[in-house]
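Residues: numbered from 1 along the sequence shown. Bear in mind that the values here come from a model prediction, so they are computed numbers and not experimental data.
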Amino acid sequence: MAKHPYILAEAHYRDIKQARYEVAILPWGATEAHNYHLPYGTDNFEADAFAREAARIASDRGARVIVLPTIPFGVNTTQLDINLTINMNPSTQMSVLHDIASSLERHGVPKLMILNSHGGNDFKQMIRELHTRHTIFLCAVNWFRSLDLVKYFDAPGDHADEMETSVMMHIAPRVVLPLSEAGDGAQRRLKITGFREGWAWTPRQWTEVTSDTGTGNPKAATPEKGKKYFEDVTAKLTQFIVELDAADLNDLYE
């Protein structure tokens, strides 16, 4: 048997042939600049790490879970003036999601959980539309919104900030440059009041918002902060997976 039979990319056909899974996890990241000190694949490192660890613990607790390979490209339409940002349009994402859902349905997997690791990805409307075309249960989870960041970090932002830097220091320290090389993540805010207050929305043109591609100061990041936050987020994700595994799709409401 594979060392990690709950990771599809590492599993073998002899392990998968007769297996039956209740929940498939689809980690979804992005390929984009993350200040000067974090790599372009930051969201993918995070998606992989959270999915693997939560699935491991959930599997140990009896959940019938399988982690699919991470989708490494996200919606980056307002960052294409930053060198080698790779954009995947929402319409393309929906096509990819449709194909994956169709494949899983053929193999009798009843539930698909998207584990989102990129703020520019938004799967709500895709799921609403695909709901009428599939029998598989679809849901999306944003791990970075699962806990109150101010309880863990001094200066939380929303991109390559203290939180993301701390998490990367914990899960992939080999690809994190010294904090002395990081920019301060200063960001400009939109002038119109509704946007500033959050009840109106428009995409941010990233190079007009930040000079180093980060939003949020990473300087107070530490591996210890990352470890604590990672463990607590993972615990919350694990509980969600275990509950989703056990859930009767015909009896979801109290």
In terms of side-chain geometry, is the basic nitrogen of Glu224 or Lys227 positioned less than 4.0 Å from the acidic oxygen of its partner?
no

Determine, using the 4.5 Å side-chain heavy-atom cutoff (strictly less than), whether Tyr40 and Met88 are members of one ILVMFWY cluster.
no

Pair Asp232 + Lys151: basic N to acidic O under 4.0 Å
no

Quick one about Gln125 and Glu129 (side-chain donor to acceptor, distance below 3.5 Å, no hydrogens or angles considered), yes or no?
no

Under 6.0 Å between ring centres, would you say that holds for Trp28 and Phe73?
no

Stepwise, does the ring-ring contact (aromatic ring centres under 6.0 Å, His included) test hold for Phe230 with Phe50?
CA-CA 8 Å; Phe230 180 84; Phe50 280 114; 4.6 Å; yes

Side-chain donor-acceptor contact under 3.5 Å, Thr135 with Glu105
yes

Under a 3.5 Å threshold, yes or no: a donor from one side chain and an acceptor from the other, between His159 and Gln187?
no

With a cut-off of 6.0 Å (strictly less than), are more than 12 heavy atoms of other residues, nucleotides or ligands near CZ of Arg196?
yes

Among Thr78, Asp81, Thr213, which residue satisfies the side-chain hydrogen bond (donor to acceptor under 3.5 Å, both in side chains) criterion with Thr207?
Asp81

Distance check, rounded to the nearest 0.5 Å: Ser211 atom OG versus Arg188 atom CZ?
10.5 Å

Would you say the side-chain atoms of Asp48 and Thr70 include a donor-acceptor pair closer than 3.5 Å?
yes

Verify whether one side chain among His34 and Asp43 offers a donor that lies under 3.5 Å from an acceptor in the other.
yes

So do the side chains of Val233 and Ser146 get within less than 4.5 Å of each other, counting heavy atoms only?
yes

Note: Asp184-Lys219 ion pair, threshold 4.0 Å (strictly below):
no

Under 4.5 Å between any side-chain heavy atoms of Val23 and Ile66, yes or no?
no

Could you check whether any side-chain heavy atom of Thr165 comes within less than 4.5 Å of a side-chain heavy atom of Asn35, counting everything from C-beta outward?
no

Between Lys225 and Glu162, is the closest basic N to carboxylate O distance under 4.0 Å?
yes

With a 4.5 Å limit on heavy-atom distance, are the side chains of Ile25 and Ile241 in contact?
yes

Answer yes or no: is there a side-chain heavy-atom contact under 4.5 Å between Ile57 and Thr234?
yes

Between Asn89 and Ser91, a side-chain donor and acceptor under 3.5 Å:
no

Treating Ile, Leu, Val, Met, Phe, Trp and Tyr as nodes and any side-chain heavy-atom pair under 4.5 angstrom as an edge, say whether Ile100 and Leu130 lie in one connected cluster.
yes

Any side-chain heavy atom of Pro110 within less than 4.5 Å of one from Glu22?
yes

Side chains of Ile136 and Lys111: closer than 4.5 Å at any heavy-atom pair?
no

Compute whether any side-chain donor of one residue and acceptor of the other, for Thr85 and Asn76, lie under 3.5 angstrom apart.
no

Would one find more than 12 heavy atoms of other residues, nucleotides or ligands at under 6.0 Å from atom CG of Leu252?
yes

Would you call Lys3 and Glu10 a salt bridge, taking side-chain N to carboxylate O under 4.0 Å as the test?
no

Does the side chain of Asn87 come under 3.5 Å of the side chain of Gln79 through a donor N or O and an acceptor N or O?
no

Are Phe137 and Leu112 side-chain neighbours, meaning at least one heavy-atom pair lies under 4.5 Å?
no

